[in-house]
Amino acid sequence: MNNKELSHEPGLERIATGVPGLDEVLKGGFFEGAVYIVRGTPGAGKTILANQICFQNARQGKRALFVTLLAENHARMLQHLEQMSFYDAHLIPKYVYYISAFRVLEENGLKGMMDLLRREMRAHEASILILDGLIAVEETSTSDREFRKFIHELQAHAATAGCCTLLLTNGRRGEYHPEHTMVDGLITLEDVPYGKRRQRELEVRKFRGSASLRGRHPFQITDDGLVVHPRPESRFLRNTGIADGDRISTGIAQLDEMTGGGLIADSSTLVLGPSGSGKTTLGTAFLQGSSKAEPGLHFGFYESPERLVANARLIGIDLKSKVAAGHLEVLWRPPFERILDALGNELIDAVRRRKVKRLFIDGWGGFAGTAETHERLTPFFAAVANELRSLGVTTVCAMETQNLIGPELLVPATGISAVTENMILLRYSEYQGRLRRLISIMKVRGGGFDPKLREFEIGDQGLRFVDSFKTAEGVLSGFGTERPDAVAAPSRPKKQAKGRRAAARRRGKA
């Protein structure tokens, strides 16, 4: 057996599913003439997925044959599909043809069933065949051998007709599935619980003839049908690195001086700080530099666009004119019942669409709150950061620390600092009876920086630096104190001279 026999022929055509995200997971779609099993629990979305593929291909002039082995009435199924935007009754029955084979299977067994499928595929010149209810074929089979023979014959007819075949099934109770070794691909749909919420996930377990995106990819059932969200960790694998040493202004002149001329282009900067410390102010100041040459994007979770623009105006930052000119886009995604992968993909798609050069993510907690597990955050951030870097984006990301004041720095995710080039720390400090804001540069990869601690104030003129810690220590602990050597030493009284020299000195003065 040669390599050609072990894989699909080089000229084999793909059949795009038309399902958002799924073709990317499959690296282009299914193969014509191949047979795939789509397995999932009841309600996982198998029937909607299959119908969506049929109607999307019917719009391209291809014909689909949908055969059901279930007792469900076709009219009832179509009533449910009418709510979906992909459904088009005008495509039935010329391009999408429905057949119920339940009685044929009951009365004539597997042979009668195979004769029906072969005859209908030829009669309708079907490019796609859906067999909904493979479990019924399995239960009708008298042995595993007979069931495997049915799958084998179906593969032969599908290959001859060039008809892509999807077998929908709930799966049997046992662990042994002989049909899985025979078909060209296996796709599973699951509804997975995470705490008090559930998330639908799709996984390509097997896919002959092509690579596919590995792992479980979340999907949603919307009014438009299924929407698959490929995992960024499997989708974004490139990393071109930093192309040059150009600098991008932070929008704050004194901060540019501290960082050696601004942020390195195409780099990512993590701004750490407690609530109210000035992270959003720093980010909006960075976006104020958005222009036609450097389009900007604000990707936020907590402030609506109107509120963001209004608050920025109060501190002398004009975002409204930037938005009106098309130099800046503000995307607001409240972090309620969101999917982490959907947010990551939407961010990258928006960057590509507008060719963004300045990006402010406000803040990282919006992503963290949607993650299924805490362990996903670091690889997710690394994948997104690498893709942004490869797209030539200079990114500033705000991350809220857990403690307002104190010597410890408690961040919500570990390991993220390793994949960012720059880190800026904003903190509160109690000093001379006042609560003050403090800024310091913790890290600038590939360049020097000013390590000095600076106080800053936020007013109607924006963010302004103030030097007030020249004689203080312990500021990073949150409780600044004066250094002992900076306190003026009290003057000592002169000692009275004694003896004859002192008496002579007193007479001379007289």
Side-chain angles (χ1 to χ4, degrees), residues 15 17 19 30-42 44-58 62-74 77-78 81 92-93 95-141 144 146-172 177-189 205-206 208:
I15 293 182
T17 67
V19 178
F30 295 116
F31 287 102
E32 68 175 13
V35 177
Y36 303 93
I37 289 179
V38 179
R39 183 182 179 188
T41 55
K46 303 183 297 298
T47 302
I48 295 177
L49 172 64
N51 277 282
Q52 187 175 354
I53 293 172
C54 289
F55 279 95
Q56 297 288 18
N57 277 272
K62 297 179 180 178
R63 302 191 179 202
L65 177 63
F66 199 108
V67 180
T68 61
L69 298 175
L70 307 174
E72 181 181 18
N73 187 289
H74 282 161
M77 181 179 67
L78 294 179
L81 292 177
I92 304 172
Y95 291 101
V96 182
Y97 192 79
Y98 291 91
I99 299 176
S100 175
F102 178 76
R103 181 168 297 181
V104 173
L105 182 63
E106 287 285 308
E107 297 177 354
N108 302 319
L110 297 187
K111 184 180 184 305
M113 180 69 199
M114 184 59 65
D115 291 340
L116 172 69
L117 295 177
R118 183 173 61 249
R119 183 172 62 253
E120 295 296 339
M121 273 194 289
R122 187 184 304 115
H124 295 282
E125 299 180 343
S127 298
I128 298 173
L129 168 65
I130 307 296
L131 184 61
D132 191 0
L134 183 63
I135 185 76
V137 177
E138 185 178 6
E139 291 173 346
T140 304
S141 304
D144 286 341
E146 187 180 16
F147 184 49
R148 289 197 300 269
K149 181 180 178 182
F150 176 85
I151 299 293
H152 178 73
E153 289 183 11
L154 182 58
Q155 283 182 303
H157 293 311
T160 301
C163 181
C164 177
T165 302
L166 302 184
L167 309 177
L168 312 186
T169 180
N170 296 336
R172 59 162 64 177
H177 305 282
E179 69 277 15
H180 292 180
T181 64
M182 303 177 64
V183 295
D184 298 284
L186 172 62
I187 298 173
T188 62
L189 307 180
R205 297 279 186 89
K206 176 183 179 180
R208 284 178 181 163

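Along the sequence shown, the residues carry numbers beginning at 1. Side-chain atoms are counted along with the backbone in the values below, which use heavy atoms only and exclude waters and symmetry mates.
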When you check the side-chain N and O atoms of His74 and Ser100, is any donor under 3.5 Å from an acceptor?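 There is no such pair (donor and acceptor under 3.5 Å, judged by atom type) between the side chains of His74 and Ser100.
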
Using only heavy-atom distances, determine whether the side chains of Tyr98 and Asn51 contain a donor-acceptor pair under 3.5 Å.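 Yes - a donor-acceptor pair under 3.5 Å links their side chains.
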
Please report the shortest heavy-atom distance between [X] and [Y], naming the atom on each side.
{"X": "Val67", "Y": "Ala101", "value": "CG1-CB, 3.7 Å"}
{"X": "Thr41", "Y": "Asn170", "value": "C-OD1, 4.3 Å"}
{"X": "Ala58", "Y": "Val96", "value": "CB-CG2, 3.8 Å"}
{"X": "Phe102", "Y": "Leu69", "value": "CD1-O, 3.3 Å"}
{"X": "Ile15", "Y": "Ser127", "value": "CD1-O, 3.7 Å"}
{"X": "Asn57", "Y": "Thr17", "value": "ND2-O, 4.2 Å"}

Any chance you could measure [X], atom [atom1], to [Y], atom [atom2], to the nearest 0.5 Å?
{"X": "Lys46", "Y": "Ile48", "atom1": "NZ", "atom2": "CD1", "value": "10.0 Å"}
{"X": "Thr181", "Y": "Leu186", "atom1": "OG1", "atom2": "CG", "value": "11.0 Å"}
{"X": "Cys164", "Y": "Leu129", "atom1": "SG", "atom2": "CG", "value": "9.0 Å"}

State, with a plain yes or no, whether a side-chain heavy atom of [X] is found less than 4.5 Å away from one of [Y].
{"X": "Phe150", "Y": "Thr140", "answer": "no"}
{"X": "Ile53", "Y": "Ile130", "answer": "no"}
{"X": "Arg39", "Y": "His180", "answer": "yes"}

Please name the residue in the list Val38, Ile37, Thr68 that meets the side-chain contact (heavy atoms from CB on, under 4.5 Å) test with Leu168.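 Of Val38, Ile37, Thr68, side-chain contact (heavy atoms from CB on, under 4.5 Å) with Leu168 is met by Val38 alone.
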
Only pairs under 3.5 Å count here: list side-chain donor-acceptor contacts from residues 109-124, not counting sequence neighbours, and write none if there are none.
residue	atom	partner	partner atom	Å
Lys111	NZ	Asp115	OD2	3.3
Asp115	OD1	Arg118	NH2	2.7
Arg118	NH1	His157	NE2	3.2
Glu120	OE1	His124	NE2	3.0

Quick one: list whatever passes side chain to side chain contact (heavy atoms under 4.5 Å, CB included) with Lys149, sequence neighbours left out.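 Once residues adjacent in sequence are excluded, the partners of Lys149 under the side chain to side chain contact (heavy atoms under 4.5 Å, CB included) criterion are Glu153.
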
Keeping Asp184 on the side-chain end and Tyr36 on the backbone end, is there a donor-acceptor pair under 3.5 Å?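 The answer is no, because no donor-acceptor pair under 3.5 Å joins these two groups.
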
Could you walk me through whether Phe30 and Leu166 pass the side chain to side chain contact (heavy atoms under 4.5 Å, CB included) check? CA-CA 10 Å; Phe30 295 116; Leu166 302 184; 4.0 Å; yes

From CA spacing to verdict: side chain to side chain contact (heavy atoms under 4.5 Å, CB included), Ile187, Leu49: CA-CA 12 Å; Ile187 298 173; Leu49 172 64; 5.6 Å; no

Take Val137 and Thr169, measure what side chain to side chain contact (heavy atoms under 4.5 Å, CB included) needs, and give me the verdict at the end. CA-CA 10 Å; Val137 177; Thr169 180; over 6 Å; no

